[in-house]
Amino acid sequence: MFRLWAKTFKNTHMLKDVTIEDATTDTRTHKVFHALEKACSEMDLSAPIWLDKTVSDFKRFAKTRFYQDNFMETIEFDYLEIQVIEED
């Protein structure tokens, strides 16, 4: 089972969170993209843009943060953090 935890933060306080599960046989990359898309949909957010820094952090730590620079529209929080919490 693959599980991704998405959280929005404002002033170090968590505002919203959602956990997305994926039991498909897709690649890890596809699972991450699908889970992020689903999490953003559930949180009523546009999908963020993966910049070099976010890709690098995610590869190293299985966790990254998306700031205002990663979004096309204005966000009402400081950042969106995603983290892989379970993998097969």
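Atom set for the values below is all heavy atoms of this structure, side chains included, hydrogens, waters and symmetry mates excluded. These figures come from a predicted structure and were not determined experimentally.
For Asp22 (side chain) and Thr24 (main-chain N/O), a donor-acceptor pair under 3.5 Å exists by modelled atom type. Put simply, the side chain of Thr8 never gets that close to the backbone of Phe77: no donor and acceptor are under 3.5 Å apart. Panel note: side chain Gln68, backbone Glu73; a donor-acceptor pair is recorded below 3.5 Å. The backbone N or O of His30 lies less than 3.5 Å from a partner atom in the side chain of His34, making a donor-acceptor pair. Side-chain N or O atoms of Asp78 include one that pairs as donor or acceptor with a backbone N or O of Asn11 at under 3.5 Å.
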Worked verdict on Ile20 versus Val32 for side chain to side chain contact (heavy atoms under 4.5 Å, CB included): CA-CA 10 Å; Ile20 305 298; Val32 169; over 6 Å; no
Side chain to side chain contact (heavy atoms under 4.5 Å, CB included) assessment of Ile75 paired with Phe66: CA-CA 11 Å; Ile75 57 175; Phe66 297 96; over 6 Å; no
Step by step, work out the side chain to side chain contact (heavy atoms under 4.5 Å, CB included) result for Cys40 and Leu80. CA-CA 9 Å; Cys40 287; Leu80 165 68; 4.2 Å; yes
Mind running side chain to side chain contact (heavy atoms under 4.5 Å, CB included) on Val84 and Lys63 for me, showing each step along the way? CA-CA 6 Å; Val84 175; Lys63 176 180 179 177; over 6 Å; no
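Residues satisfying the ring pair (Phe, Tyr, Trp, His ring centres under 6.0 Å) criterion with Tyr79, sequence neighbours excluded, are Phe9, Tyr67. Not a single salt bridge (charged side-chain N to carboxylate O under 4.0 Å, His left out) links Glu42 to another residue, sequence neighbours left out. Asp57 meets the side chain to side chain contact (heavy atoms under 4.5 Å, CB included) test with Lys53, Phe61, Thr64; sequence neighbours excluded. Applying the salt bridge (charged side-chain N to carboxylate O under 4.0 Å, His left out) rule to Glu87 yields the partners Arg28; only residues at least two apart in sequence or on another chain are considered. For Asp88, the salt bridge (charged side-chain N to carboxylate O under 4.0 Å, His left out) partners at least two apart in sequence or on another chain are Lys31.
When the side chains of ILVMFWY residues are joined at heavy-atom separations under 4.5 Å, either directly or via intervening members, Val18 and Met14 end up in two distinct hydrophobic clusters. Cluster annotation: Phe2 and Ile85 are assigned to distinct hydrophobic clusters (Ile/Leu/Val/Met/Phe/Trp/Tyr, side-chain heavy-atom contacts under 4.5 Å, transitive). Placement of Trp5 and Met43 in two distinct hydrophobic clusters is found when ILVMFWY residues are connected by side-chain heavy-atom separations under 4.5 Å, directly or transitively.
Here the side chains of Glu21 and Met1 are in contact, with some heavy-atom distance below 4.5 Å.
Counting side-chain heavy-atom gaps under 4.5 Å among Ile, Leu, Val, Met, Phe, Trp and Tyr, the cluster of Met72 also holds Ile49, Leu51.
Between the CG atom of Asp26 and the CZ atom of Phe33 there is a distance of 12.0 Å, given to the nearest 0.5 Å. Interatomic distance, Glu76 CD to Leu15 CG, rounded to the nearest 0.5 Å: 10.0 Å. With values rounded to the nearest 0.5 angstrom, Thr19 atom OG1 is found 10.0 Å from Gln83 atom CD.
The number of heavy atoms from other shown groups lying within 6.0 Å of CH2 (Trp50) is above 12.
Counting all heavy atoms, side chain and backbone alike, Ser46 lies closest to Phe71 at O-CE2, 3.4 Å.
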